[in-house]
Structure formats: C-alpha cells, structure tokens
Amino acid sequence: MYEDPDLAQAQVFLELLANRGESLTRELGRAQRLTPAYRAELVVELRAIQRFIDRLHRRFPETCPGRLNGEFQRTTSGAQPRSR
C-alpha cells in the first residue's frame, strides 16, 4: 500500500503539536501560579498550535479526527471520528 509522504509527515507533526498543546493546557491549568505575562505567552503559543493543527486538517482532511469542544483528541491511524 502506497502512503503519501506528505500525509505521513503531517500525521507526525500533528502528534507533536497535540502533545505540546496538551502540555500548554496543563500548564495553563495552574494559572494561579503563573505571572500574567507568562500566562499570555502560553496562550499565544497555544493559539498558534491550534492554528497549525487546523491548517493541517484542512490540507489533509483524512487526519481530522473531529474535535469535541475544541479539545485535543488523538486517534490512531484508521480510527473513525467520534460522532456527536
């Protein structure tokens, strides 16, 4: 079976972005311990990650697992999106 190298690279990059997004989300959950400036930096980075993920999903629709309420949701290769 032939796999598109661009698609394979997008899937790897999506996994890395999802991991970083989850880390940032956890860190933002401890907002009371963060300075306002640092919290703002994290929010900016998280928004950038979300934009990158959205762009990759638009370019490679087969990678879009369907996200519920804007949360990061991982699927394994070939998994079907969850229905609402």
Side-chain angles (χ1 to χ4, degrees):
M1 178 175 172
Y2 172 76
E3 183 171 7
D4 178 11
D6 291 335
L7 175 59
Q9 185 176 28
Q11 290 170 329
V12 169
F13 193 43
L14 283 165
E15 181 70 21
L16 294 171
L17 288 169
N19 287 339
R20 181 63 181 150
E22 289 169 354
S23 296
L24 289 170
T25 300
R26 277 192 304 275
E27 192 158 352
L28 282 167
R30 298 184 295 243
Q32 68 277 9
R33 293 185 253 167
L34 304 176
T35 65
Y38 184 61
R39 185 182 187 327
E41 287 178 32
L42 295 178
V43 169
V44 167
E45 185 179 352
L46 184 58
R47 287 182 182 159
I49 287 171
Q50 290 168 333
R51 282 192 309 272
F52 293 144
I53 289 172
D54 289 341
R55 288 176 187 161
L56 284 168
H57 284 320
R58 278 195 301 272
R59 171 67 177 89
F60 301 98
E62 58 273 30
T63 66
C64 187
R67 288 180 284 160
L68 303 176
N69 301 323
E71 295 175 352
F72 294 104
Q73 176 185 346
R74 287 194 199 133
T75 61
T76 57
S77 180
Q80 297 297 315
R82 291 169 44 184
S83 60
R84 289 188 157 189

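Everything numeric in this text was worked out from a predicted model, so none of it was measured.
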* Salt-bridge contact E45-R20 (side-chain N to carboxylate O under 4.0 Å) -> yes
* Identify whether Y38 and L46 are in the same connected component of the hydrophobic contact network (ILVMFWY, side-chain heavy atoms under 4.5 Å). => yes
* Asked: Rounded to the nearest 0.5 Å, how far does OG1 of T63 lie from CD of E15?
  -> 12.0 Å
* Q11 side chain near E3 side chain, heavy-atom distance below 4.5 Å -> yes
* To do: Could you state whether I53 and L7 fall into the same hydrophobic cluster, counting links through intermediate Ile, Leu, Val, Met, Phe, Trp or Tyr residues with side-chain heavy atoms under 4.5 angstrom apart?
  => yes
* How many angstroms lie between OG1 in T35 and CD in E41, if you round to the nearest 0.5 Å? -> 7.5 Å
* Asked: Atom CD in Q50, atom CZ in R47: separation rounded to 0.5 Å?
  -> 8.0 Å
* **Joint hydrophobic cluster, I49 plus V43, side-chain heavy atoms closer than 4.5 Å** => yes
* **Side-chain heavy atoms of L14 within contact of F52, under 4.5 Å** => no
* **Interatomic spacing from CZ in R26 to CG in L28 - rounded to 0.5 Å** => 11.0 Å
